[in-house]
Peer 1: 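This structure is in structure tokens; I'll ask about it shortly.
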Amino acid sequence: MADIGGHAIYKIEDTNMIYIPNDSVRITHPDEARYLRIFQNVDLSSNFYFSYSYDLSHSLQYNLTVLRMPLEMLKSETSKTRQESFDIFEDEGLITQGGSGVFGISSEPYMKYVWNGELLDIIKTTVHRDWLLYIIHGFCGQSKLLIYGRPVYVTLIARRSSKFAGTRFLKRGANCEGDVANEVETEQILCDASVMSFTAGSYSSYVQVRGSVPLYWSQDISTMMPKPPITLDQADPFAHVAALHFDQMLQRFGSPIIILNLVKEREKRKHERILSEELVAAVTYLNQFLPPEHTIVYIPWDMAKYTKSKLCNVLDRLNVIAESVVKKTGFFVNRPDSYCSTLRPDEKWNELGGCVNPTGRLQTGILRTNCVDCLDRTNTAQFMVGKCALAYQLYSLGLIDKPNLQFDTDAVRLFEELYEDHGDTLSLQYGGSQLVHRVKTYRKIAPWTQHSKDIMQTLSRYYSNAFSDADRQDSINLFLGVFHPTEGKPHLWELPTDFYLHHKNTMSLLPTRRSYTHWWTPEVIQHLPLPYDEVICAANLKKLMVKKFHRCEEEIDIHNEFFRPHELSSFDDTFCLAMTSSARDFMPKTVGIDPSPFTVRKPDETGKSVLGNKSNREEAVLQRKTAASAPPPPSEEAVSSSSEDDSGTDREDEGSVSQRSTPVKMTDPGDSTKVTENVVQPMKEVYGVNLSDTLSEEDFSIYARFVQLGQSQHKQDRNSQQPCSRCSDRVIKLTPISAFSQDNIYEVQPPRVDRKSTEIFQAHIQASRGIMQPLGKEDTAMYREYIRNRYL
């Protein structure tokens, strides 16, 4: 699904459950088959991801900062066991031949985003850690942005929280531990794919979060209403649950925490406004105890109200919010600022927040976006913030001259498609249908056929919420270990509600009560604005472990992981060539088009629309052949009359106009000079010169030198061919500078090789005839090392 620094990310395609017989259990429990069916309702082949060598539960910033600290800092904290360092050939002295041992730092996964943590917890202490493969649930997508042939990978990873997880109407608000429903951490990673190493490559990332409003609230779906009424289940005057939630965010992301609340504020009948009023009260209460520089920033914006207004542009307002958010939080870059930012200084770049250090930039703080469902409105808002951050990321890597991206460019279209796939996937997981309102809906450029699709998605979402969400919720509770079958207690399908499973304080009293004023963890507040999880301290060092690898081990062998030399492969199946590309899928295939992915295109001018079917493909090829001899454009009167007569073919005419080699302006019939200029213009763009013009003296001199250069390469005709008298004084005398004695394009004399190279070549020829050379000490040692790495 993606490649990050040479580390492959895979999607689970199929699973198999293997029955392991046990002598202690000879009689099958009568309810085991039913529990098994419920357990298997969680489709692991649907958007579950893993990696053998990259920790998907942590952000790129964590993996490239904490896990790259000096090894000496961990020597006192860790110890090396015999099981980790076992080497069957270590007594034969192979370690001394070049040092085959490689030490690395591994960390415990962030269990909040691990979905099989409860299943692996049973065997964690009995098997080797290499058998533990942690998976995440959410979305993963990667596309290639080609900037004049330079590949840049844009990756989008969404991690769905496994705490208080469930379906749309059955999981709302937060539980007693501060975990909210539909909490998803979205990370966009930008990397220069020409160098895929984490050490030598250039990487950047930006993280944002969505999640339900952190309050005790729910919606009753028994009434069978499209919008069930919102009810506050418990009074929380001291914002206890919100304090727990924001304390978790401070620990993982640092400060500032920015809340973008898209819930409606003005309604005839109180519905969504209930949540806005309670959230404002909670944030106001918590902020009065925080230091002023680390207070929670609250941004309320009624997105639905602005969408209905004809005078306001929703995305323009979101772009202003996105600029202020990115300036406060900054983003992660593993490289110092490029020199081009000094040559081309930008005012917005100097105002950027975050933490700047000698090795790059760190993101401090997080944007938390929410509406009621955290689906349609939230995805559009996150796209606008991600688009703004993408511009800064491209600017930081020296790929654009200003941190600004416009709509209808290949880069933004590629990024928009990634975010729409991201939103559709998350909406299917939580709401049961794809997105109803997309970015094009808020741009008000969606086709009229989109309305019928929106109605179908709304009906699909309603059906899923009413009839299938309860079974899905039972499956999630069983898979995540929220419910454990116990003899003598009610079964999962006998429970009237799962409220007691997710709220542990209802079954037992809490041992300690948190302070109402100092609601944060003391260690967290001391290191702000840096996130406490990334600070080097004793508590975090205990989570890290020094692990010994072999230099050829699959987990760290990036070359074999990426190129797979032991497998028969083809270019068509290569992931880096098969992924979505801006040049292949978005750039128009017309002659003379600007190949830059940052050039604004026409709304209907895309690579997909031009080469979508066979007829369009043939038409595009024909236009390439006849681009230089295109007829002059018609007048405005002719265009207007034809459009009135044939109104049904307007869309086809617009598509054909957009496929021309260059956009042609409509001119008056009497202005013959401009028309002639427009006819000749495509010829100059295609060939670089007007063929009707006569050659200048300088061009003729260049051509004469080119002819003389070709003539000087002929050995036999070198003496017979004489340069013309007109340009004899400008002929360049070429002197061979290579290792070949006869340096021309028609014959070469092979260079002399040394004795060792000759012996290697002769041994290779003998081996092809079945005559093998005796193996030496080095060959035997190398073969043993290969066997150990490959099979043991």
Peer 1: Counting only N and O atoms by type, is there a donor-acceptor contact under 3.5 Å from the side chain of N379 to the main-chain atoms of E420?
Peer 2: no
Peer 1: Check the pair V207, L60 against side-chain contact (heavy atoms from CB on, under 4.5 Å), reporting the backbone distance first and the verdict last.
Peer 2: CA-CA 9 Å; V207 181; L60 182 72; over 6 Å; no
Peer 1: Apply side-chain hydrogen bond (donor to acceptor under 3.5 Å, both in side chains) to N261 and Y298, showing your working.
Peer 2: CA-CA 8 Å; N261 184 20; Y298 180 75; 2.8 Å; yes
Peer 1: Give me the atom names and distance for the closest heavy-atom approach of Y430 to L375.
Peer 2: CD2-CD2, 4.1 Å
Peer 1: Taking side-chain hydrogen bond (donor to acceptor under 3.5 Å, both in side chains) as the criterion, tell me which of Q393, Q188, Q61 meets it with S204.
Peer 2: Q393
Peer 1: Is the distance between the ring centroids of W520 and F289 under 6.0 Å?
Peer 2: no
Peer 1: Using only atom types and a distance under 3.5 Å, with no angle test, would you say the side chain of S212 pairs donor to acceptor with the backbone of G173?
Peer 2: yes
Peer 1: Using a strict 4.0 Å threshold on nitrogen-to-oxygen distance, state whether R159 and E187 make a salt bridge.
Peer 2: yes
Peer 1: May I ask you to check whether N477 and Q473 show a side-chain donor-acceptor distance below 3.5 Å?
Peer 2: yes
Peer 1: Is it true that F164 and H503 have ring centroids separated by less than 6.0 Å?
Peer 2: yes
Peer 1: In sequence, state the C-alpha distance, the side-chain angles, and the governing distance for T186 and H422, and then conclude on side-chain hydrogen bond (donor to acceptor under 3.5 Å, both in side chains).
Peer 2: CA-CA 9 Å; T186 301; H422 160 269; 3.1 Å; yes
Peer 1: Please find out if less than 6.0 Å separates the ring center of F415 from that of Y419.
Peer 2: yes
Peer 1: Sort out for me which residue in K171, R160, R210, R168 forms a side-chain hydrogen bond (donor to acceptor under 3.5 Å, both in side chains) with N182.
Peer 2: R160
Peer 1: Using a strict threshold of under 4.0 Å (side-chain N to carboxylate O), is an ion pair present between D302 and R266?
Peer 2: no
Peer 1: Could you check whether any side-chain heavy atom of N370 comes within less than 4.5 Å of a side-chain heavy atom of V263, counting everything from C-beta outward?
Peer 2: yes
Peer 1: With the side chain counted from C-beta on, respond yes when R368 and V180 share a heavy-atom pair under 4.5 Å apart, and no when they do not.
Peer 2: yes
Peer 1: Which heavy-atom pair separates V213 from C371 by the least distance, and what is that distance?
Peer 2: CG2-O, 4.2 Å
Peer 1: Only one of E183, K112, K163 forms a side-chain hydrogen bond (donor to acceptor under 3.5 Å, both in side chains) with Q248, so which one is it?
Peer 2: K112
Peer 1: Would a distance-only check, ignoring hydrogens and angles, find a side-chain to backbone donor-acceptor pair under 3.5 Å from S475 to D471?
Peer 2: yes
Peer 1: Check whether NZ of the Lys or CZ of the Arg R252 lies under 6.0 Å from the centre of the six-membered ring of Y110 and within 45 degrees of that ring's axis.
Peer 2: yes
Peer 1: Would you check, one step at a time, whether the test side-chain hydrogen bond (donor to acceptor under 3.5 Å, both in side chains) holds for Q251 with D247?
Peer 2: CA-CA 6 Å; Q251 181 173 346; D247 187 32; over 6 Å; no
Peer 1: Counting only N and O atoms by type, is there a donor-acceptor contact under 3.5 Å from the side chain of H527 to the main-chain atoms of E523?
Peer 2: yes
Peer 1: State yes or no: are the ring centers of F332 and Y206 separated by less than 6.0 Å?
Peer 2: no
Peer 1: Please determine whether side-chain hydrogen bond (donor to acceptor under 3.5 Å, both in side chains) holds for the pair E185 and Q208, giving the CA-CA distance in whole Å, both sets of side-chain angles, and the decisive distance to 0.1 Å.
Peer 2: CA-CA 6 Å; E185 178 184 301; Q208 50 184 325; over 6 Å; no
Peer 1: Quick check: do Y516 and Y285 have side-chain heavy atoms less than 4.5 Å from each other?
Peer 2: yes
Peer 1: Decide, yes or no, whether a salt bridge links R438 with D424 under the criterion of side-chain N to carboxylate O below 4.0 Å.
Peer 2: yes
Peer 1: Determine, for E118 against K124, whether the closest basic-nitrogen to carboxylate-oxygen distance falls under 4.0 angstrom.
Peer 2: no
Peer 1: So E277 and K270, do their side chains get closer than 4.5 Å, heavy atoms only?
Peer 2: yes
Peer 1: So C176 and Y216, do their side chains get closer than 4.5 Å, heavy atoms only?
Peer 2: yes
Peer 1: Just checking W115 against Y49, ring centres under 6.0 Å apart?
Peer 2: no
Peer 1: Strictly below 4.0 Å, N to O, side chains only: are E265 and R273 in salt-bridge contact?
Peer 2: no
Peer 1: Which is it for N540 and V66 under the side-chain contact (heavy atoms from CB on, under 4.5 Å) test, yes or no, and what are the steps along the way?
Peer 2: CA-CA 9 Å; N540 289 335; V66 177; over 6 Å; no
